[in-house]
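Chain naming here is simple, since letters A, B, ... match the order of the sequence lines and numbering starts at 1 in each.
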There are 2 protein chains.
Amino acid sequence: MQSKRDRVTSIDIAHLAGVSQATVSRVLNGSPLVNVETRRRVEAAVRELGYSVDRRASNLRLQRSGTLALLLFEDPTSDDSHINPFFLAMLGSITRAAARAGYDLLVSFQQLSDDWHADYAGSMKADGLILLGYGDYLSYRGKLEALVAHGTRFVRWGAVLPDQPGLSIGCDNLQGGRLVGEHLLGLGRRRIAFLGDASTHYPEFFDRYRGCDAALQAAGLAMDPALQIDAQSSEDDGYGAARALIARGQPFDAVFAASDLIAIGALRALAEHGLRVPEEVSVAGFDDIPAARFTTPALTTVAQDTSSAGAMLVETLMALIDGGPAASRMLPARLVLRQSCGER
Amino acid sequence: MQSKRDRVTSIDIAHLAGVSQATVSRVLNGSPLVNVETRRRVEAAVRELGYSVDRRASNLRLQRSGTLALLLFEDPTSDDSHINPFFLAMLGSITRAAARAGYDLLVSFQQLSDDWHADYAGSMKADGLILLGYGDYLSYRGKLEALVAHGTRFVRWGAVLPDQPGLSIGCDNLQGGRLVGEHLLGLGRRRIAFLGDASTHYPEFFDRYRGCDAALQAAGLAMDPALQIDAQSSEDDGYGAARALIARGQPFDAVFAASDLIAIGALRALAEHGLRVPEEVSVAGFDDIPAARFTTPALTTVAQDTSSAGAMLVETLMALIDGGPAASRMLPARLVLRQSCGER
DNA sequence: CTGAAAGCGCTTACAG
DNA sequence: CTGAAAGCGCTTACAG
């Protein structure tokens with residue numbers, strides 16, 4: 001960052017303090033071997049010249065990078081700045097967790113189709129990867145296997161699956177779906193539509209669907225496949241899916257959207273068709289993004305604990321890097337009641 | 001990222017291809033000197049062993065880092081995951097712009113009070129810094145001067161001020177304020193309250209205030225200091241400021257909030273006091289965050305072009321790094337009409 | 001066109 | 001407690 005002739009190195013400090021460069025390094029690394037007086041002289045020199053260790057060199061020597069890479073990928077959209085707000089909240093908590101752990105965080109947006117595995121791991125730019133983003137799991141899975149084969153340390157945010165390559169931290173989507181199902185049942189709703197892909201391609205959404213179904217089954221009911229419409233996590237998809245649902249002409253009294261973005265789009269479509277929420281149709285989302293508080297009516301949704309999630313992702317990745325024991329884990333989901341489902 | 005014994009280096013490639021390590025490096029850097037046949041052999045070896053260049057070593061040798069650091073700081077709140085959505089949008093566009101320019105992006109959240117200048121620049125972790133965040137400019141200014149003195153390359157997002165240390169890219173806040181003022185006047189509003197700090201401590205907010213004032217002055221009116229209440233960019237501050245405004249008992253027919261977050265808080269306070277928006281009071285914000293579309297009524301606000309902003313920040317920083325000419329610049333503001341101000 | 005060698009700025013056994 | 005030296009994995013003048 002400085003002009004080249006200015007750049008202060010540990011040798012300059014050594015000269016100024018009248019010691020060897022090795023001793024400067026020892027002081028800077030808090031070695032207990034150094035004499036108190038020597039240490040003081042070195043520290044004074046460091047302050048005087050405003051020196052700080054060159055991390056590139058230090059990391060090269062230590063065979064580490066001191067950096068974690070966060071790869072945020074989005075499947076369909078490459079639309080600038082329209083990142084799912086939920087992931088942005090995750091990004092915030094991951095950044096803080098990494099900083100607390102003494103790691104820098106490299107952030108990169110990727111297309112799911114990109115060749116992201118070699119880039120960070122292989123080039124030693126990062127000690128480990130955090131993968132964030134929903135996409136078609138079945139096409140994504142192969143890349144995870146490549147990462148594993150390559151010896152890359154990584155943790156993925158998403159559904160915890162039995163035979164998955166690598167580890168993941170995720171919300172208990174099954175439980176979240178069940179909470180929504182039970183809530184809607186308690187409100188007297190019976191014909192619950194689901195907006196979102198519900199297949200093994202999108203395990204997070206699928207679990208939400210199945211959780212809701214489980215709640216219905218416990219009451220002797222079941223989700224009706226005729227009321228399920230595919231949608232990815234975007235407002236436009238939610239809008240389109242809700243319109244498609246209405247066009248089907250099947251009666252429904254509730255909409256469970258696989259994400260808040262989908263729910264927001266659905267709210268718009270419902271309003272356009274004169275369907276009153278929550279009087280005629282209950283609507284629930286998933287994620288509790290900031291905008292969920294401001295929709296009309298305010299959206300009942302399932303909150304994932306992003307703050308713990310970030311900490312847990314970093315924690316697990318660090319365990320992997322340090323060779324300690326590490327395992328996939330699920331975080332509890334929490335129902336957030338607002339107005340879009342109606343009074344209990 | 002690999003276990004140590006596995007790590008492939010350029011020497012392994014050299015052995016396999018039967019050339020010197022220097023030649024491998026030449027091939028990887030696209031040197032025109034290399035014989036076609038030799039190049040092919042090396043490339044085959046690279047593929048076979050799945051090699052990629054160790055960027056730490058390469059950067060050390062080249063005396064660069066290939067990395068830009070984005071320092072996002074927030075003044076009052078250290079509250080997890082409650083980052084201003086506007087900055088998150090900026091983060092998205094900066095990340096993409098950095099990637100397009102071939103730079104990695106290191107992201108870090110900082111407290112304004114932290115000692116952030118030495119950390120990235122001095123330690124050669126980044127070739128340049130992008131500073132993002134509003135805070136008390138007067139206390140912040142000293143740090144900028146330290147960066148300049150230190151020879152650090154940086155670009156700041158914020159107001160372009162005449163005598164500022166370093167460069168900045170910012171929205172034309174004065175113009176944005178003027179647009180709001182003119183719009184409110186056109187709606188017949190005369191007593192416009194301003195929620196947000198309006199002093200040299202917060203130049204962005206101050207410019208928005210002065211822009212609005214300029215519009216009033218052009219009509220022979222002026223902002224009334226009795227209707228200005230300090231607030232930082234948060235919903236809570238906006239709520240508190242609007243309550244304080246109401247408590248003052250001075251009549252007002254419009255609220256210009258210095259940011260959307262403030263506006264959203266104000267909307268809540270106004271609703272609680274039974275003041276109808278937009279019938280009795282017009283409300284306008286600034287930033288056009290995603291949630292602005294979902295408030296009731298939807299928020300009229302001023303959009304900043306985050307997408308160009310990110311590109312321009314990166315562009316300017318790279319010019320600085322390459323020693324080219326670089327200058328502060330302002331981006332135009334754009335009024336986004338929704339329902340919170342009423343019909344024109 | 002290619003190789004041997006120096007050097008980027010550190011850390012840490014190895015001697016003393 | 002301290003110094004001289006090796007080495008992390010590259011890039012690039014310098015010779016040939």
Side-chain angles (χ1 to χ4, degrees), chain A residues 1-43 45-46 49-67 121-125 127, chain B residues 1-43 45-46 49-67 121-125 127:
Chain A
M1 292 293 306
Q2 315 209 5
S3 42
K4 254 165 209 156
R5 59 184 169 286
D6 288 341
R7 173 82 196 149
V8 177
T9 71
S10 56
I11 297 202
D12 299 320
I13 304 299
H15 287 336
L16 184 59
V19 297
S20 74
Q21 182 269 333
T23 296
V24 173
S25 183
R26 288 197 189 92
V27 169
L28 263 21
N29 289 292
S31 162
L33 296 172
V34 189
N35 177 289
V36 187
E37 173 52 29
T38 309
R39 171 182 304 279
R40 222 192 322 268
R41 280 215 314 285
V42 171
E43 284 167 348
V46 165
L49 300 187
Y51 169 74
S52 49
V53 174
D54 184 329
R55 288 294 155 206
R56 290 172 315 194
S58 156
N59 287 332
L60 175 59
R61 182 53 238 244
L62 291 171
Q63 288 295 81
R64 69 193 291 269
S65 75
T67 300
S123 60
M124 303 297 288
K125 291 197 290 197
D127 295 323
Chain B
M1 293 294 307
Q2 316 210 7
S3 44
K4 253 166 209 156
R5 59 183 169 287
D6 287 341
R7 172 82 197 150
V8 178
T9 71
S10 56
I11 298 203
D12 299 320
I13 305 298
H15 287 337
L16 184 59
V19 297
S20 74
Q21 183 269 333
T23 296
V24 173
S25 182
R26 287 197 189 90
V27 169
L28 262 21
N29 290 292
S31 162
L33 295 173
V34 189
N35 177 288
V36 187
E37 172 51 30
T38 310
R39 172 181 303 279
R40 223 192 320 268
R41 280 218 312 286
V42 170
E43 284 167 347
V46 165
L49 300 187
Y51 169 73
S52 47
V53 174
D54 185 329
R55 288 293 156 208
R56 292 171 313 194
S58 157
N59 287 331
L60 175 59
R61 180 55 237 242
L62 292 170
Q63 287 295 81
R64 68 192 294 270
S65 75
T67 300
S123 59
M124 303 298 288
K125 292 196 290 196
D127 295 323

Task: Pair pattern of DNA chain D in dot-bracket, where unpaired bases get dots and | marks partners in another strand, Watson-Crick or G-U under 3.5 angstrom - done: |||.||||||||.|||
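- Rounding to whole angstrom units, CG of residue B:Leu33 and P of D:dG16 are separated by 18 Å.
- Taking atom P on both C:dA15 and C:dT11, the two are 22 Å apart, rounded to the nearest angstrom.
- Listed by first then second residue, pairs satisfying salt bridge (charged side-chain N to carboxylate O under 4.0 Å, His left out) with a partner in residues 25-37 of chain B read B:Glu37-B:Arg40, not counting sequence neighbours.
- Between A:Thr38 and D:dT2 there is a side-chain N or O to OP1 or OP2 distance below 4.0 Å.
- B:Thr67 pairs by the side-chain hydrogen bond (donor to acceptor under 3.5 Å, both in side chains) definition with nothing, not counting sequence neighbours.
- Contacts of A:Ser20 classified as side-chain hydrogen bond (donor to acceptor under 3.5 Å, both in side chains), with partners at least two apart in sequence or in another chain: A:Thr23.
- Only the C1' atoms considered, C:dG16 is 16 Å distant from C:dT12, to the nearest whole Å.
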- [ ] Assign a letter to each nucleotide of nucleotides 3-10 of chain D from its 5' end: B, base within under 4.0 Å of a protein heavy atom; S, sugar-phosphate only; -, no contact.
- [x] BB-BBBBB
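- Judged by distance alone, with hydrogens and angles left aside, the side-chain atoms of B:Arg56 form no donor-acceptor pair with the main-chain N or O of A:Arg61 at under 3.5 Å.
- Residues passing the side-chain hydrogen bond (donor to acceptor under 3.5 Å, both in side chains) test with B:Ser25, sequence neighbours excluded: B:Asn29.
- For B:Ile11, the side-chain contact (heavy atoms from CB on, under 4.5 Å) criterion is met by B:Thr9, B:His15, B:Gln21, not counting sequence neighbours.
- The interatomic distance linking B:Leu28 (CG) with D:dT11 (P) rounds to 7 Å, in whole Å.
- Every side-chain hydrogen bond (donor to acceptor under 3.5 Å, both in side chains) that A:Ser65 has, sequence neighbours left out, goes to A:Asp127.
- Take A:Arg39 and apply the side-chain contact (heavy atoms from CB on, under 4.5 Å) test, not counting sequence neighbours, and it matches A:Val27, A:Val34, A:Glu43.
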